[in-house]
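Report on the structure given below.
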2 protein chains.
Amino acid sequence: MLKISELSAQTGLSAHTLRFYEKHGLINASTRSEAGYRFYSEADVRRVEFVKTARNSGFSLEDIAQLLSIRVDKQSHSCQDVTDITQKKLDQVNAKIEELQSIQQTLEILLESCCGGPENASHCSIMEALDEGLTRDQARSESQ
Amino acid sequence: MLKISELSAQTGLSAHTLRFYEKHGLINASTRSEAGYRFYSEADVRRVEFVKTARNSGFSLEDIAQLLSIRVDKQSHSCQDVTDITQKKLDQVNAKIEELQSIQQTLEILLESCCGGPENASHCSIMEALDEGLTRDQARSESQ
DNA sequence: TATAAGCTTAGAGTTGGCTCTAAGGTCAAC
DNA sequence: GTTGACCTTAGAGCCAACTCTAAGCTTATA
Ligand SMILES: [Zn+2]
Ligand SMILES: [Zn+2]
Ligand SMILES: [Zn+2]
Ligand SMILES: [Zn+2]
């Protein structure tokens, strides 16, 4: 049986975070001391590790709540239930990556167009591109 | 001179958002009617469009505040000032992309390992992988 | 027995970028 | 002159996932 600080040390999650997860129904201490101190069993620890792993895999706490409800009763759920959650998360991640890659490209084009030098910015093509709304080819070279 | 709803229609930013940007020092209506209604000049509109373009390029409102202070006095700033902001943002975007790609990979490996079928999840290798902490090769195939 | 470390709770604060509400003043049309 | 659309403000609420605070109780060590 571990106290919260011991569980914290073992998992790398802060005691605050562990209480926060409990408040949101993700984890629990299966026993309490007379004074109300939380005590975590081996099974409790495994559940916390599950949550931590799922979080590191990109799942939201809401996703994790669903995964946990499958975990406690695997018989009543199918592999498809699990892949549905996972695929949905992957779709979100892919969408976000695409969005960021579009921004990445824009920033790279902007950077390529600017000399980056110490002279004053009245000729700066990044500023011009932002002024002109980066339609079309966004920014032409500053040179000449 | 445009009223706020007209500027909203022209830029696609809500009147709420325009007031929000004003409260945060990004934009301003250069004149007000006697009753206090905001009126935007051509120059005001161009500034708002600059903000919008910068936002679409991935800059935070704080970045944009810096870019705007360069914009109003280009003589006192260098191209390097502009690229510093842009490069820093690109670095952040790249870091975020890498983080998401790592998650993407994890999710893909998980999905590959699971049959996704209608049978019950007691043999599900996604659940197993999350239980085991996805160390090493994370998840082996469910088959056999 | 006294000090300090650790535990408890409810609840507030953080971040960023909106988004909305309430309560009221203004303005154009009918 | 009255409806209804539009404008004003300060300030609250939202999202996720923490992060921290305050005030008080418990436990271990000296
Ligand atoms: Zn230059
Ligand atoms: Zn430049
Ligand atoms: Zn299966
Ligand atoms: Zn499976």
Side-chain angles (χ1 to χ4, degrees), chain A residues 1-40 44 48 51-68 85 88-89 92-93 95-96 99-100 103, chain B residues 1-40 44 48 51-68 85 88-89 92-93 95-96 99-100 103:
Chain A
M1 289 302 215
L2 302 178
K3 280 192 289 188
I4 197 164
S5 62
E6 293 163 338
L7 179 59
S8 169
Q10 206 171 105
T11 58
L13 302 171
S14 76
H16 279 305
T17 297
L18 291 168
R19 290 191 203 98
F20 171 80
Y21 284 172
E22 180 180 311
K23 192 159 60 180
H24 287 63
L26 298 181
I27 63 171
N28 206 17
S30 50
T31 30
R32 293 271 187 140
S33 75
E34 289 216 344
Y37 284 27
R38 290 168 177 83
F39 281 104
Y40 297 92
D44 293 340
V48 172
V51 170
K52 188 188 167 190
T53 302
R55 201 204 54 178
N56 289 340
S57 306
F59 291 106
S60 69
L61 300 191
E62 199 184 327
D63 296 331
I64 295 172
Q66 287 189 62
L67 291 170
L68 285 167
I85 296 171
K88 196 173 146 199
K89 177 55 56 178
Q92 286 170 15
V93 168
K96 190 73 189 166
E99 190 186 321
L100 286 173
I103 287 172
Chain B
M1 291 301 219
L2 301 178
K3 280 193 287 187
I4 196 164
S5 62
E6 292 163 337
L7 179 59
S8 170
Q10 206 170 105
T11 59
L13 302 170
S14 77
H16 278 305
T17 297
L18 291 168
R19 289 190 203 99
F20 171 80
Y21 284 172
E22 180 180 309
K23 191 159 64 181
H24 286 59
L26 298 182
I27 63 171
N28 205 15
S30 48
T31 30
R32 293 270 187 141
S33 75
E34 289 216 346
Y37 284 28
R38 290 168 177 82
F39 280 105
Y40 297 92
D44 293 339
V48 172
V51 170
K52 188 188 168 190
T53 302
R55 266 245 20 70
N56 290 340
S57 307
F59 291 105
S60 69
L61 301 192
E62 199 184 328
D63 296 332
I64 295 172
Q66 286 188 64
L67 291 171
L68 284 168
I85 296 170
K88 197 173 146 200
K89 177 55 54 178
Q92 287 171 14
V93 168
K96 190 71 189 168
E99 190 187 322
L100 286 174
I103 286 173

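Letters go in sequence order (proteins before strands), and every chain restarts at 1. For clarity, every value in this text was computed on a predicted model and none was experimentally measured.
Atoms CG (B/L13) and C1' (C/dC18) sit 11 Å apart, rounded to a whole Å. Note: CG (B/N56) to C1' (C/dC18) measures 15 Å, nearest angstrom. Per the geometry, NZ belonging to B/K23 stands 11 Å off C1' belonging to C/dC20, to the nearest Å. If you take CG of A/L18 and P of D/dA17, they are 16 Å apart, rounded to a whole angstrom. Whole-Å rounding puts the A/M1 CE to C/dC7 C1' distance at 17 Å. In this entry the distance linking CZ of A/F59 with C1' of D/dC18 reads 20 Å, nearest Å. The distance between atom NZ of B/K3 and atom P of D/dA5, rounded to the nearest whole Å, is 14 Å. Between B/L2 atom CG and D/dC7 atom P there is a gap of 11 Å when expressed in whole angstrom units.
Judged purely by atom type and a 3.5 angstrom limit, B/S57 has no side-chain atom pairing as donor or acceptor with the backbone of B/F59. Using modelled atom types, no side-chain atom of B/K52 and backbone atom of B/L13 make a donor-acceptor pair closer than 3.5 Å.
At the heavy-atom level, B/R19 lies under 4.0 Å from base atoms of the strands shown. Among the heavy atoms of the strands lying under 4.0 Å from B/Y21 are primed sugar atoms or P, OP1, OP2 only; no base atom is included. Counting any heavy atom pair closer than 4.0 Å across all strands shown, A/S14 reaches no nucleic acid atom.
Here C/dG17 is the nucleotide among C/dG17, D/dG11, C/dT26 with the atom lying nearest to any side-chain atom of B/R55. When distances are taken from the side chain of A/Y37 to each of D/dT27, D/dC18, C/dC18, the shortest belongs to D/dT27. Considering only the side chain of A/H16, D/dT21 comes nearest among D/dT21, C/dT21, D/dT8. Comparing C/dT19, C/dC7, D/dT9 against the side chain of B/F20 picks out C/dT19 as the nearest. Here the side chain of A/I4 is nearest to one of D/dT8, C/dC7, C/dG11, namely C/dC7. Nearest nucleotide to the side chain of A/R32, out of D/dC6, D/dT27, C/dT9: C/dT9. For A/T17, the listed nucleotide lying nearest its side chain is D/dT19; candidates were D/dT9, C/dT26, D/dT19.
Of the side-chain N and O atoms in B/S5, one or more sit less than 4.0 angstrom from OP1 or OP2 of D/dC7. Of the side-chain N and O atoms in B/R38, none sit less than 4.0 angstrom from OP1 or OP2 of C/dT26.
Residue order along DNA chain D, read from the 5' end via each residue's closest nucleotide, puts B/F39 first among B/F39 and A/E62. When the nearest nucleotides of DNA chain C are assigned to B/E34 and B/L61 by heavy-atom distance, the more 5′-ward of the two goes with B/L61.
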Note to self: One pair to check against salt bridge (charged side-chain N to carboxylate O under 4.0 Å, His left out): A/R19 and A/E22. What are the steps and the verdict?
What the structure shows: CA-CA 5 Å; A/R19 290 191 203 98; A/E22 180 180 311; over 6 Å; no
Next item on the list: Might you work through the ring pair (Phe, Tyr, Trp, His ring centres under 6.0 Å) test for A/F20 and A/H24, ending with a clear yes or no?
Entry: CA-CA 6 Å; A/F20 171 80; A/H24 287 63; 4.4 Å; yes
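If you run side chain to side chain contact (heavy atoms under 4.5 Å, CB included) between A/Y40 and each of A/I4, A/N28, A/T11, only A/I4 comes through.
Looking at heavy atoms from C-beta onward, A/S60 lies in side-chain contact with A/K89 at the 4.5 angstrom threshold.
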